[in-house]
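Everything below concerns the one structure shown next.
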Protein chains: 2
Amino acid sequence: MSQSVKPSLKERQFALRESAILDAVDSFLARKGFDLMTMDEIAQEVGISKASLYKHFDSKELLAAATMTRLVERTLQVIAQQAQEDKPLDNLKALVAWSVREHLAGRMPTLPSTRSSIHEFMTRHDPYVRKLEALTEILGGWIIAAQALGQINPSLPGEVVLYTIYARPCDPVIDFLKMGGAFTDDEIVEAIVTTCFGGLQSRA
Amino acid sequence: MSQSVKPSLKERQFALRESAILDAVDSFLARKGFDLMTMDEIAQEVGISKASLYKHFDSKELLAAATMTRLVERTLQVIAQQAQEDKPLDNLKALVAWSVREHLAGRMPTLPSTRSSIHEFMTRHDPYVRKLEALTEILGGWIIAAQALGQINPSLPGEVVLYTIYARPCDPVIDFLKMGGAFTDDEIVEAIVTTCFGGLQSRA
DNA sequence: GTCTATAAAATGATAGAC
DNA sequence: GTCTATCATTTTATAGAC
């Protein structure tokens, strides 16, 4: 840490380019997913050659892993900003709302579904796994607290609540509602949050 | 119709092989999705050559379309069997439960997400679109009836309810819960139905 | 580190014999 | 209609010059 007091111009250029690459991958992963995204189109989008891209990331898998790791970091930052003491349910709702908005803005790279060829790779990628564990610990605490307060259904297993929240940003319902064109982004966010936490049935 | 009174042995063999192909595609689409599924592995699984496979289906897209069309037909048959008069909410819940069980059994080919390269093709494939419209009409009727009875939240737009139900069989939560190994199939079905219709929050 | 050019592998689709 | 052999294309990844 202490040795990088003043990054050189070259280092800053390198970091800037790397950030631009990850931004592009965010967008491609959101639009096409890992398997349909190609290294050619990433290089083209960033405006560099494919060989240069491979100087930054040794493989397509590592590139996706870096992007997903940065997403978890971003999520941890957002959580640190907007979390409120003793309001676990509100915190969980705010997180879902934020992630749906990120999805609608095209910045939400697909969380690895179990079917994707990248999934197994991610489970072995230590930086990602560790950060995801940190996030899971925070959410787990909120879930337990919300259940203790009677806000979240206490009869639901914690994993069910956790996975249901993790799955929201890649919910195909978001895209279907967006495609139809009949709803604003705010209405879509509200629809997802309402159905996620309140369900389809009328509240008694 | 009336001319195929007695199908020949050859015709029955052909139909049987076609059914075996579609069964294999069901499984591959469920496990890997359209883009990762290859014509080679389908032919190998069925035990025929790839050229023979192309005699049955002219392209990978048409093969997937036939599989998805058969799924909608199967769904319509299940609905005809298990639907109860004047119980729209129960009918919707039973449909979700059935589709989750099909997913767990490996027989639920992925519904085309908007990101998949097959999605646009499906929207232009008439047999599929027509059958899906028939299914949508039935579900739409149940949703309206359930809202009129105060069972489904009347403030939710019909599309939101419909898409939320359509998205359930490809919910990644199913796979995550299955992978963890801590839940039986019945418990997973119950978890999805409960969170879908009841939401995460406690009922007042 | 960046580029052009190319290797190496996977895969959708077809030719042509039987 | 089924097979073997092959084509054509795409795409990940790298070699080698500068």
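The sequence lines fix the lettering, A, B, ..., with proteins before strands; numbering per chain opens at 1. All values reported here derive from a predicted model rather than from experimental measurement.
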### Message
Less than 4.0 angstrom from a charged side-chain N to a carboxylate O is my criterion; do B/Asp175 and A/Arg115 meet it?
### Response
no
### Query
Looking only at side-chain N and O atoms, does B/Arg17 come under 4.0 Å of OP1 or OP2 in D/dG1?
no
### Message
Applying a 4.0 Å non-hydrogen cut-off, can you work out what A/Thr38 is touching in the nucleic acid: base, sugar-phosphate, or nothing?
### Response
sugar-phosphate
### Query
A/Arg17 and A/Ser52: side-chain donor and acceptor closer than 3.5 Å?
no
### Query
Would one find a side-chain N or O of B/Ser52 under 4.0 angstrom from OP1 or OP2 of D/dC3?
yes
### Task
Write down the distance between CZ (B/Phe57) and C1' (D/dG1), rounded to a whole number of angstrom.
15 Å
### Task
Map B/Ile48 and A/Tyr54 onto DNA chain D by nearest heavy atom, then report which one ends up closer to the 5' terminus.
B/Ile48
### Task
Starting at atom CG of A/Asp58, determine the distance to atom P of D/dA13, rounded to an integer number of angstrom.
9 Å
### Task
Compute both the distance and the angle, then confirm whether A/Lys60 meets the cation-pi test with A/Phe34: under 6.0 Å from the six-membered ring centre, within 45 degrees of the axis.
yes
### Task
In whole angstrom, give the distance that lies between atom CD of A/Glu41 and atom C1' of D/dT12.
13 Å
### Task
Measure distances between side-chain N and O atoms of B/Lys10 and base N and O atoms of D/dG1, and say whether any donor-acceptor pair falls under 3.5 Å.
no
### Task
Figure out the NE2/C1' separation between B/His56 and C/dT14, and round it to whole Å.
17 Å
### Message
For A/Phe34 and A/Lys55, find the nucleotide of DNA chain D closest to each by heavy atoms; which residue's nucleotide sits nearer the 5' end?
### Response
A/Phe34
### Query
Just checking B/Lys60: base, sugar-phosphate only, or nothing, at a heavy-atom cut-off of under 4.0 Å?
sugar-phosphate
### Message
Output the rounded distance in Å from CG (B/Asp40) to P (D/dC3).
### Response
14 Å
#### Entry: B/Asp26 and B/Arg74 ion-paired at < 4.0 Å
yes
#### Entry: Whole angstrom value for the distance that separates C1' of C/dG12 from CZ of B/Phe121
14 Å
#### Entry: Atom-pair distance (CD on A/Gln13; P on C/dT2), nearest Å
9 Å
### Summary
B/Leu53 CG to C/dG12 P, in whole Å, measures 10 Å
### Query
From the list D/dT2, D/dT12, C/dT2, which nucleotide is the closest neighbour of the side chain of A/Met39?
D/dT12
### Message
Could you check whether B/Phe14 and B/His56 have their ring centres less than 6.0 Å apart?
### Response
yes
